[in-house]
Amino acid sequence: DQQVKQNSPSLSVQEGRISILNCDYTNSMFDYFLWYKKYPAEGPTFLISISSIKDKNEDGRFTVFLNKSAKHLSLHIVPSQPGDSAVYFCAARVSGNTGKLIFGQGTTLQVKP
Amino acid sequence: GAVVSQHPSRVICKSGTSVKIECRSLDFQATTMFWYRQFPKQSLMLMATSNEGSKATYEQGVEKDKFLINHASLTLSTLTVTSAHPEDSSFYICSARGAGNRLHFGPGTRLTVT
């Protein structure tokens, strides 16, 4: 069973506009949610995270929103830049100091100049 | 800081042979490391948790006798794919837990079994 889901495999936006990537989860036993950016044949790079007790975290052009009642989170990138084109993974950290992450399937973002 | 390396970056081996992949935390100590596998256009799937000085904890469905994990020091964990088969061909990624519980990922190893 897929505990973390990214239902949109791809997203295409115009440079300067907002990119919104979505993620849903089914398990309540997560204490942190994270977003990673990944290029082919490379390891994921951490972007931004949010504690399960918060509903928003902002870092520059990146903002993550968490809706616990809906078990939904989203990553907003504004303004989008061509260099943002990559695969974005949503991940949920299992509670209990295990450090274990459960990843979504990823969304490929293409930002067109 | 907080760099994780993997060696080799790419490896091709024949079916039936064993392959060892190394994961090193270069500038920090990691008592816990994680091994993931990613098939093309799919998610990163957690295979096992590697703990320094103790046995690894494997996720459901991962064969511990096939994927041998050794975490002999605070900066090195190894994953050995034994008796590799073409279906083991994948992208293997490790991560190391550093200060503040932050996970740092390695660049990955592309394994191709012919």
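Note on naming: letters A, B, ... go to the chains in the order of the sequence lines (proteins, then strands), and numbering restarts at 1 for each one.
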Is chain A contacted by the side chain of B:Gln6, its backbone, both, or neither, given a heavy-atom distance below 4.5 Å? neither

So, the part of B:Leu44 with a heavy atom under 4.5 Å from chain A: the answer is both

In this structure, OH of A:Tyr88 is separated from OG of A:Ser19 (nearest 0.5 Å) by 7.5 Å

Below 30° counts as parallel, above 60° as perpendicular, anything between as tilted: where do the rings of B:Phe105 and A:Tyr36 land? perpendicular

Less than 4.5 Å to any heavy atom of chain B: does that hold for the side chain of A:Leu101, its backbone, both, or neither? both

Just checking, any donor-acceptor pair under 3.5 angstrom between side chains of A:His72 and A:Asp24? yes

Say whether B:Met45 and B:Met33 are linked into one hydrophobic cluster, either directly or through other cluster members, by side-chain heavy-atom distances under 4.5 angstrom. no

